[in-house]
Protein chains: 2
Amino acid sequence: MANAETAGFQFNHTMVRVKDPQVSVKFYTEVLGMTLLSHYKFESFTLYFLAYDHSGGKMTPQALKDSRFAREGVLELTHNHGTESDASFAGYASGNTDPGKGFGHIAITVPDVAAACARFERLGVPFKKKLTDGSMKDIAFILDPDGYWIEVVPPKLMLGPDDV
Amino acid sequence: MANAETAGFQFNHTMVRVKDPQVSVKFYTEVLGMTLLSHYKFESFTLYFLAYDHSGGKMTPQALKDSRFAREGVLELTHNHGTESDASFAGYASGNTDPGKGFGHIAITVPDVAAACARFERLGVPFKKKLTDGSMKDIAFILDPDGYWIEVVPPKLMLGPDDV
C-alpha cells in the first residue's frame, strides 16, 4: 500500500543476463518492438536498457536515455563480455527448471494475441506454448534468444471461470 | 523499434516464485509500497499481481484488478502450495549464482535513495549492497524474503564518468 514513505516509488526494471547482445537487442527491438534507451560499457560487461516508447517515436535520444531509471517497464540486459564467442559457455538458466528454479518469465501485453503469435511464427520465434497448447487458449509463451520465457497476454484476461 | 505490428505492446509483468505469499505480499506492499491488484487460486498454485498504484489510492478494487494485464510495472508472485510449510524445501534460486545464473534482479526507482535505505534498515530489510559498499554510492541492493535481489536506484543515475 502506498504511504508517504513510498510515494513516488516505481517498479523500474528487470535485469537478465544475455549471451550475445547483438542477437538479444535485435530480438527485443525488431521482434518485440522495444526501443534501446541507452547502453553503457563497463570494463567487463555492458548494460543495455530497453523499453516500449509509448510516445510513438517522439522522444529524443537524450529523453529516451533520461527515462531509463525514471519510468516503469524497462528491461535491462547484462552482457558479460566474451560469452558470445565462448564455445564452453553453457548458456544461462531460464529459472524454470532445477537447479536454478526461481525466476519465471516476463510478459508482454499485446492488443491482439492471435495476430502477434502469427507474426512471431512467421519470424521463426520458438514457442514454449502455442495458443492451441494446454488449457489456456488466450495466452502463449515464446522464448527469447537465451531461452527466457516470455508470456504473451491480452489486456483483458480471465484466469479461470470464477475470476470475475 | 515500434512499428505498426508492435504498436500497443507493453512490458506488463515479471514473474518470480515465492516460498510463502503471506511473507512476500506483506513485504512488497508494506515495505516496498506496492498494491495487490488481484490474486487467483488454481488447484496447486496461487498467483498474486502487485504494482504501484500511481493514482494515489483513487482506483477501485475492480479497476486495480482490471489493470493487471493492461499496464506496465506489474510483479507476479507464484506460490506453489505447500512450500511455505515444507521443511525439505530448499528455497528458490536468486539467479545470481551458478548453477542457475541468468535472472539478475528487479529494480525500484525511489525519489530519495538515502531516505529509502534508512527506512529499509529501520525495518530490518537485509542488504546485498549498502550505499556505502562498492564503488557506486548512489545505488543499493536489498533482498526480498526469497533472496531475490532488488536494486534501489534514483531517477537520475550516471553509470560512469562518460555516461552523459
Side-chain angles (χ1 to χ4, degrees), chain A residues 1-3 5-17 29-30 32-35 40 42 47 51-53 56-57 66 69-70 72-76 78 92-95 99-111 115-116 119 146 148 151 153-157 159-160 163, chain B residues 1-3 5-17 29-30 32-35 40 42 47 51-53 56-57 66 69-70 72-76 78 92-95 99-111 115-116 119 146 148 151 153-157 159-160 163:
Chain A
M1 259 84 71
N3 58 53
E5 290 175 304
T6 61
F9 282 26
Q10 293 178 299
F11 176 9
N12 171 241
H13 72 249
T14 297
M15 187 281 265
V16 294
R17 296 170 178 86
T29 55
E30 296 185 9
L32 287 191
M34 292 184 181
T35 295
Y40 190 76
F42 291 84
L47 307 180
Y52 285 105
D53 172 10
D66 289 345
F69 296 116
E72 302 200 315
V74 175
L75 180 67
E76 178 186 6
T78 294
Y92 289 116
S94 78
K101 193 184 274 191
F103 171 63
H105 59 261
I106 63 170
I108 308 298
T109 295
V110 306
R119 176 170 166 271
D146 287 274
Y148 295 117
E151 190 177 6
V153 294
K156 289 192 181 194
L157 174 66
L159 295 171
D163 180 36
Chain B
M1 259 84 73
N3 59 52
E5 290 175 305
T6 61
F9 281 26
Q10 294 178 298
F11 176 8
N12 171 241
H13 72 247
T14 297
M15 188 280 267
V16 295
R17 295 171 179 86
T29 55
E30 296 185 10
L32 286 191
M34 291 184 179
T35 295
Y40 190 76
F42 291 84
L47 307 179
Y52 284 106
D53 172 10
D66 288 346
F69 297 116
E72 301 200 317
V74 176
L75 180 67
E76 178 185 6
T78 295
Y92 288 116
S94 78
K101 192 183 274 192
F103 171 62
H105 59 259
I106 63 169
I108 308 297
T109 295
V110 305
R119 176 171 165 272
D146 286 274
Y148 295 117
E151 189 177 8
V153 294
K156 290 193 178 191
L157 173 67
L159 295 172
D163 179 35

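In what follows, chains carry the letters A, B, and so on, assigned in the order in which the sequence lines appear, proteins first and then strands, with residues in each chain numbered from 1.
If you measure heavy-atom distances from A:Asp66 to chain B, the contacts under 4.5 Å come from the backbone alone. In this structure, chain B has a heavy atom under 4.5 Å from the side chain of A:Val153, while its backbone stays farther away.
In this structure a side-chain-to-backbone donor-acceptor pair under 3.5 Å is present from B:Tyr52 to B:Leu32. Without hydrogens or angle criteria, B:Arg119 side chain to A:Thr6 main chain gives no donor-acceptor distance under 3.5 Å.
With contacts defined as side-chain heavy-atom distances shorter than 4.5 Å, the pair B:Ser94/A:Phe103 does not qualify.
With chain A as partner, the option from B:Pro155, B:Gly100, B:Pro154, B:Ala70 having the largest number of non-hydrogen pairs under 4.5 angstrom is B:Pro155. When each of A:Thr78, A:Leu75, A:Thr109 is scored by its heavy-atom pairs under 4.5 Å with chain B, the top score falls to A:Thr109. Counting heavy-atom pairs under 4.5 Å between each of B:Ile106, B:Ile108, B:Asp163 and chain A puts B:Asp163 at the top. Ranked by heavy-atom pairs shorter than 4.5 Å toward chain B, the options A:Gly104, A:Ala107, A:Ala116 are led by A:Ala107. Top candidate by heavy-atom pairs under 4.5 Å with chain A, chosen from B:Gly102, B:Ala51, B:Ala93, is B:Gly102. Your options are B:Asn12, B:Asp146, B:Val74, B:Val16, and the one with the most heavy-atom pairs under 4.5 Å with chain A is B:Asn12.
Partners of B:Gln10 by side-chain hydrogen bond (donor to acceptor under 3.5 Å, both in side chains), not counting sequence neighbours: none found. Taking the side-chain hydrogen bond (donor to acceptor under 3.5 Å, both in side chains) definition, one finds that A:Thr14 meets it with B:Thr14, sequence neighbours left out.
Note that CZ of A:Phe11 and NE2 of A:His13 are 9.0 Å apart. Values are rounded to the nearest 0.5 Å.
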